[in-house]
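Below is one structure, written out as structure tokens; the observations come after it.
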2 protein chains.
Amino acid sequence: MNTLMKDIAQATGFSINTVSRALRDDRKISKRTRELIRAKADAMGYIHNAIAANMRCLQSKVIGVISKDSSNPFFAEVVRGIEERAREHGYNMLLVNTEEDAQRERDYVRLFVSRHVDGLLVVPGYQCQENLQLYKSLSIPFCFVGRRVQGIEGHSLLHQDYESQLEVSSYLIANGHRRMLYLAGPENLSNSADRLNGHLKALENAGIALDPSLIIHTRGHIEEGYASVNLALNRGIRFSVITCFNDLLAMGALKSLSENGCQVPKDVEVFGFDNLYISQFMQPSLSTVDVPKFALGVSAVDELLRHIERRDLEYKDLNLETRLIYRGSTLNRGL
Amino acid sequence: MNTLMKDIAQATGFSINTVSRALRDDRKISKRTRELIRAKADAMGYIHNAIAANMRCLQSKVIGVISKDSSNPFFAEVVRGIEERAREHGYNMLLVNTEEDAQRERDYVRLFVSRHVDGLLVVPGYQCQENLQLYKSLSIPFCFVGRRVQGIEGHSLLHQDYESQLEVSSYLIANGHRRMLYLAGPENLSNSADRLNGHLKALENAGIALDPSLIIHTRGHIEEGYASVNLALNRGIRFSVITCFNDLLAMGALKSLSENGCQVPKDVEVFGFDNLYISQFMQPSLSTVDVPKFALGVSAVDELLRHIERRDLEYKDLNLETRLIYRGSTLNRGL
DNA sequence: TTTACAATGGTTAACGTTAATCCTGGATAC
DNA sequence: GTATCCAGGATTAACGTTAACCATTGTAAA
């Protein structure tokens, strides 16, 4: 049987009332009594019953995080930022993964509401009507991390997806590339659309007609980067650079190029997106867009806590800055 | 204000009792009534209050997972296995990360107990007396994933750390290597010790005297693999193969070797451990020990649920099988 | 007609903690 | 000597759901 407050009260002779107050650092309890009760609680192995407490009072000091995929290094770093910052503010983080399943996303939102978290950070998956409705009716503070949900304005923490890809593609065009293979991300995801649009805008700016065979849609997995480039090479599609929705695709692309005897960056240049920690260890190391992943998590917590503390605050989108990183997978142009 | 059962009762005309039973699929409620109540609950946006329910009844259908580090791809795959299997059994998984901090590990154990999870899966960090005491006094079912805790017998799901490293090192010795650089993992961690011991045993079996300069201790991070090999090369330490505590170290090693003009596997062979998904995408692809990460998560859930369902069951350690995978970072010997 | 059962309702106690309210006795201040 | 303050206690209601128990109605079987 677990130790309860009433057991501690019995053991120390104080009332259950005083025990509760002592453990909560209520100022009405003298230091001596408080320490005495604390010591006894520790000795008896007392663990506070958050469920019962939560029943009475509003806050749980827990924020729920719904991520996409634990094995995606991008979100792993975001989650680290969230967890660190939450702890700094005295909150705990509880994490679940949707694997991009909309049904699961809904289930988890309900799980967290059901278990009374104080707020919710979500990496939303594909758009769907049911989820939109759920978010619209959500009664606790929430923010979207790294992605938007169409129909819910102001709740998103974003990074410069459109702007960065525009910059990357423009840079490549400025350096003479005309046939650029673009490995796109999952459709129906705000990032994918934003990044792809940046790429298309760069083409348009340069007056380059779009060749549809140079856009390959993927779900953003590493093995698809490999397979897509294999496919493109087998089909005889010509290109002088591959620019990718994310670093994972770029890594897959590197492997395919290497196996097909294409030298990077001499024959084909490769550009990623995200700047995963591991990208610098690829051979060649990957040129990419640095997305501030840890900072994204930190900002998300800050923003969420603002809304937890002041429920009437208006929501507004935030757009974090990115920067281009040139490494071994592109030609060194003496930047 | 959130919708409560009493609101649904009021709206449908049924008693709060019947509503509760209908939502819980109690057989005493007719299908017609149940569906009617369900529909109304959905329409009113009712979300079950797990906190209140948990107060009354014992189980929460939630298992807590305390992992090491969200940005370590090894545990990410284990977590995927846990989450999938838990869902198959109607359980939810809540995850936290300790970043190998013993204090945090303790805090999180208490958090989960405090929030009434039905069971706990833990990737335990460094041994320490306080944590040992905590586990000894823990009143809910728990298992350790991938590591042991000295003093707590029978609670661990392991993989063949000792046996596999013994096999790797023996294989390398059989192929003529005498000076093998070993990049060891964090001290005070059961895996590190097991794997290192396997290596030492192989040396002993072959009658090779241990050269302490060939053992480098690290915390298992990729950048340490890079730095350690740089250091060894700078110091003029001679070796013909590098065998590593994990794949991350091996990846760092690959980068250092490449930058120092050593060809892999011609000049130096490299062996990893874990078989991370990404390891096959390295250049050269990494020879390694395949640890069944997903299966480890699955087994952990199965084992934990057995103990959740039958609290009197005796605990016993499980040791999952591994296998060696030979890829491009070692010489192809026509296996 | 009697018996039995299924579907439902009502009532009530319980889970462990918190917090509000009121009370007491002793110490300190004026 | 009175007023004030402080540590602490006692009591009680509340949080929302569950579950046990008993009662009621209507229908089907014996």
Side-chain angles (χ1 to χ4, degrees), chain A residues 1-38 40-41 44-62 110-118 139-140, chain B residues 1-38 40-41 44-62 110-118 139-140:
Chain A
M1 205 50 208
N2 281 333
T3 310
L4 304 179
M5 281 196 181
K6 70 159 176 266
D7 302 324
I8 302 174
Q10 212 152 43
T12 55
F14 290 104
S15 77
I16 182 171
N17 212 321
T18 305
V19 171
S20 171
R21 294 213 285 242
L23 293 178
R24 277 177 296 128
D25 270 333
D26 191 299
R27 68 231 161 289
K28 291 203 128 191
I29 306 294
S30 70
K31 199 176 165 214
R32 222 176 72 81
T33 308
R34 193 167 59 225
E35 282 169 3
L36 200 146
I37 290 176
R38 290 248 149 147
K40 195 72 192 173
M44 296 176 75
Y46 175 73
I47 296 185
H48 180 248
N49 186 333
I51 296 289
N54 216 198
M55 186 86 194
R56 260 308 308 248
C57 54
L58 355 73
Q59 67 173 356
S60 60
K61 287 284 180 183
V62 172
R110 293 211 188 87
L111 172 69
F112 278 132
V113 172
S114 166
R115 296 193 71 83
H116 284 197
V117 299
D118 289 339
S139 60
I140 60 170
Chain B
M1 206 50 209
N2 281 333
T3 310
L4 303 178
M5 280 197 182
K6 70 159 177 265
D7 302 324
I8 301 174
Q10 210 153 43
T12 55
F14 290 103
S15 78
I16 182 171
N17 213 324
T18 305
V19 171
S20 170
R21 294 213 282 244
L23 294 177
R24 277 177 296 129
D25 269 335
D26 191 299
R27 68 232 161 291
K28 292 202 128 189
I29 305 295
S30 69
K31 198 175 166 215
R32 219 175 73 79
T33 307
R34 193 167 59 226
E35 282 169 2
L36 199 145
I37 289 176
R38 291 247 149 147
K40 195 71 191 173
M44 295 175 75
Y46 175 74
I47 296 186
H48 181 249
N49 186 333
I51 297 288
N54 217 197
M55 187 85 192
R56 260 308 308 247
C57 55
L58 355 73
Q59 67 174 356
S60 60
K61 288 284 180 183
V62 171
R110 294 210 188 87
L111 172 69
F112 279 132
V113 172
S114 166
R115 297 192 71 84
H116 284 196
V117 298
D118 289 340
S139 61
I140 60 170

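Listed candidates were dG16(C), dG8(D), dG16(D). Nearest to the side chain of Asn49(B) is dG16(D). Taking every side-chain heavy atom of Ala52(A) into account, dG16(C) is the closest of dG16(C), dA7(D), dG16(D). Out of dG16(C), dT18(D), dT18(C), the shortest distance to the side chain of Met55(A) is found at dG16(C). When distances run from any side-chain atom of Ser15(A) to the nucleotides dT17(D), dA10(D), dA7(D), the shortest one goes to dA10(D).
Ile47(B) places its CD1 atom 15 Å from the C1' atom of dG16(D), with the value rounded to the nearest Å. When rounded to the nearest whole Å, the span between NZ of Lys6(A) and P of dT17(C) equals 8 Å. Between Arg115(B) atom CZ and dG16(C) atom C1' the separation is 14 Å, expressed in whole Å. dA7(D) atom P lies 13 Å from atom CD1 of Ile37(A), rounded to whole Å. Regarding Arg24(A), its CZ atom lies at a distance of 10 Å from the P atom of dA20(C), rounded to whole Å.
Between His48(B) and dT18(D), a side-chain N or O to OP1/OP2 separation shorter than 4.0 Å is present. Neither OP1 nor OP2 of dG16(D) sits under 4.0 Å from any side-chain N or O of Tyr46(B).
Judged by distance alone with a 3.5 Å cut-off, no donor-acceptor contact links the side chain of Asn54(A) to the base of dT17(C). The base of dT17(C) does not come close enough to the side chain of Arg56(A) for any donor and acceptor atom to sit less than 3.5 Å apart. Counting distance only, with no hydrogens placed and no angle test, the side-chain atoms of Asn17(B) and the base atoms of dT18(D) include no donor-acceptor pair under 3.5 Å.
Residues that satisfy the side-chain contact (heavy atoms from CB on, under 4.5 Å) test with Ser139(A), not counting sequence neighbours, are Asn2(B). By the side-chain hydrogen bond (donor to acceptor under 3.5 Å, both in side chains) test, Arg56(A) pairs with no residue at all, sequence neighbours left out.
Formation of a donor-acceptor pair under 3.5 Å by the Ser114(B) side chain with backbone atoms of Ala50(A) is found in this model. For the pair Thr12(A) (side chain) and Ile37(A) (backbone), a donor-acceptor distance under 3.5 Å is absent.
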